[in-house]
Amino acid sequence: MSPEDKLLALLPELTEEEKDRRTREGLADVDAGRTIPHEELLRWVRRLSAPS
């Protein structure tokens with residue numbers, strides 16, 4: 001299991017309604033051009049999981 005998969009496994013379980021809402025919000029962000037490069041996101045996630 002990759003480090004990213006391990007982090008994803010820690011996320012809380014969402015209801016179908018919450019998944020739908022978040023999906024719609026995410027699509028609206030993409031439509032509005034509010035995105036970040038994938039590698040930048042991975043760097044941020046790795047910093048969150050790094051020991052302080």
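All values below come from the heavy atoms of this structure, side chains included, with hydrogens, waters and symmetry mates left out.
By the side chain to side chain contact (heavy atoms under 4.5 Å, CB included) test, Thr23 is found to be paired with Leu27, residues two or more places apart in sequence or in another chain being considered. Residues passing the side-chain hydrogen bond (donor to acceptor under 3.5 Å, both in side chains) test with Glu16, sequence neighbours excluded: Lys19.
Sorted by first and then second residue, the salt bridge (Lys or Arg N to Asp or Glu O under 4.0 Å) pairs involving residues 3-14 (not counting sequence neighbours) are Glu4-Arg46. Here side-chain hydrogen bond (donor to acceptor under 3.5 Å, both in side chains) pairs that include residues 24-39, with residues two or more places apart or in two chains, are Asp20-Arg24, Arg21-Glu25, Asp29-Arg34.
Taking Ile, Leu, Val, Met, Phe, Trp and Tyr as hydrophobic and joining them when side-chain heavy atoms fall under 4.5 Å apart, one finds Leu11 in a cluster with Leu8. When hydrophobic side chains of Ile, Leu, Val, Met, Phe, Trp and Tyr are connected at separations under 4.5 Å, Leu41 ends up clustered with Leu7, Leu10, Ile36, Trp44, Val45, Leu48.
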